[in-house]
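On a predicted model such as this, the values are computed, not experimentally measured, just so you know. Only this structure's heavy atoms are used, side chains among them; waters, hydrogens and symmetry mates stay out.
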Amino acid sequence: MKPVRTAATLLAGLALTAAPVLTACSQSTEGSDSSGSATSDSSAESDKGDDKDSDTKDSKKDAEADKTNKGDDKASASATQSDLPKATPAGYQEVTAPTVNLTFAVPEGWQATPLDATSDVYYKAPDDGFTPYLGNANVSKTTIPATKPLTEAELSPALTSTPGATSTGYSTEQTANGEAAVLNYTANIGGQTVNGALIATPTKEKGKYAIISVNAGSSGQSIDELKTTILETIH
């Protein structure tokens, strides 16, 4: 219980930078004309029996094929998770938070900007002069002591420092350093809705998690794109 309380206490004091910032397949068949003779009726009943047997066999084959496909999908997903970190994608740049020793990618046009003493590194979209809320990413110098991904309850207190912030979902995601916890949120700042994510990711130092807050502003990227790129390039 102690590590949980410690993590929650530390997270409550972390500042989040909000600066701006299926397809159904239908199949139909048409019936055929039948004669009034007893022989024709008998033949039709026989055909129906054959059709049922055929349908049953086909259904079994389809079920087996579906199991095989699902197994292949799981194997594919596992291979993807182990293929990390990914190379920095086009349009992005690699940045490093020196204190927590964490590297990841942010949009190429984002610029390093001094923030405050709690920030290890802070990058934001260029100021266009009229948009008050810009996309940005901030890494706190404070790491969280933990041996497994932080829970939603542990991450939630960190949202208290962002005006009007509301959680929109929690998940755990794979990184090259291990499994990270992600808390998505929205915040209403100055009448504008800002979409963001709080990422608690393992660092290279065992037992320590770094906190990355990322927000999407008017810089052209969605929060999903920003979040995914960061998670896939963390090392």
Side-chain angles (χ1 to χ4, degrees), residues 7-8 10-21 81 84-86 88-89 91-97 100 102-107 109-110 113 115 118-125 133-144 146 148-189 192-203 209-235:
L10 286 170
L11 282 164
L14 292 177
L16 284 181
T17 306
V21 240
Q81 290 174 355
L84 295 171
K86 291 187 176 181
T88 301
Y92 280 76
Q93 61 182 321
E94 191 174 80
V95 302
T96 298
V100 300
L102 195 71
T103 298
F104 55 92
V106 298
W110 286 18
T113 306
L115 187 61
T118 69
S119 176
D120 198 7
V121 67
Y122 174 56
Y123 273 76
K124 70 176 182 177
Y133 300 106
L134 304 172
N136 64 83
N138 180 45
V139 182
S140 173
K141 285 182 179 178
T142 304
T143 56
I144 306 301
K148 60 183 179 180
L150 302 182
T151 65
E152 182 174 5
E154 290 170 336
L155 277 173
S156 293
L159 295 181
T160 59
S161 59
T162 298
T166 303
S167 171
T168 57
Y170 166 88
S171 65
T172 56
E173 308 291 342
Q174 193 69 25
T175 76
N177 290 348
E179 196 171 20
V182 180
L183 186 65
N184 299 306
Y185 67 90
T186 61
N188 192 305
I189 304 175
Q192 179 173 339
T193 298
V194 177
N195 297 304
L198 184 66
I199 303 171
T201 178
T203 65
Y209 281 67
I211 306 300
I212 305 172
S213 61
V214 57
N215 298 298
S218 59
S219 49
Q221 295 81 17
S222 69
I223 187 59
D224 287 337
E225 178 187 335
L226 293 170
K227 176 182 64 178
T228 299
T229 302
I230 289 174
L231 289 166
E232 290 181 345
T233 57
I234 282 175
H235 62 282

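We find the CG-CG distance between Leu231 and Asn177 to be 11.0 Å, quoted to the nearest 0.5 Å. Separating the OG1 atom in Thr113 from the OH atom in Tyr123 is a distance of 8.5 Å, to the nearest 0.5 Å. If you take OH on Tyr92 and CH2 on Trp110, they are separated by 7.5 Å, rounding to the nearest 0.5 Å. With values rounded to the nearest 0.5 angstrom, Thr88 atom OG1 is found 11.0 Å from Phe104 atom CZ. Interatomic distance, CG of Leu183 versus OG1 of Thr151, reported as 10.0 Å (0.5 Å rounding). Distance check: Leu102 CG to His235 NE2 gives 8.5 Å after rounding to the nearest 0.5 Å.
Judged purely by distance below 3.5 Å, without hydrogens or angles, the side chains of Glu94 and Thr103 never pair a donor atom with an acceptor atom. Thr166 and Thr186 share no donor-acceptor pair across their side chains, judged by distance under 3.5 Å alone.
Val139 has its side chain out of reach of Val95: every pair of non-hydrogen atoms, C-beta onward, lies at least 4.5 Å apart. Side-chain contact check for Pro149 versus Tyr209: some heavy-atom pair is nearer than 4.5 Å. Residues Ile234 and Pro202 form no side-chain contact, since every pair of their non-hydrogen atoms from C-beta on lies 4.5 Å or further apart. Side chains of Lys141 and Thr118 form no contact here, defined as non-hydrogen atoms less than 4.5 Å apart. Glu232 is listed as a side-chain neighbour of Leu84, based on a closest heavy-atom distance under 4.5 Å. Residues Ile211 and Leu198 form a side-chain contact, since some pair of their non-hydrogen atoms from C-beta on lies under 4.5 Å apart.
In this structure, Leu226 and Asn215 approach most closely via the heavy-atom pair CD1-O, 3.8 Å. Summarising the geometry of Ala216 relative to Val194, their closest heavy-atom pair is O-CG1, 4.2 Å, with the distance given to 0.1 Å. Between Ala165 and Tyr185, the shortest heavy-atom contact is CB-CD1, 4.3 Å.
In this view, Ser119 and Asn138 satisfy the side-chain hydrogen bond (donor to acceptor under 3.5 Å, both in side chains) rule, not counting sequence neighbours. Considering only residues two or more places apart in sequence or on other chains, Glu173 meets the salt bridge (Lys or Arg N to Asp or Glu O under 4.0 Å) condition with none of them.
Panel note: side chain Asp120, backbone Val100; a donor-acceptor pair is recorded below 3.5 Å. Judged by distance alone, with hydrogens and angles left aside, the side-chain atoms of Thr168 form a donor-acceptor pair with the main-chain N or O of Asn184 at under 3.5 Å. Judged by distance alone, the side chain of Ser156 and the main-chain N or O of Ala153 form no donor-acceptor pair under 3.5 Å. In terms of modelled atom types and a separation under 3.5 Å, the side chain of Thr233 and the main chain of Ala105 share a donor-acceptor contact.
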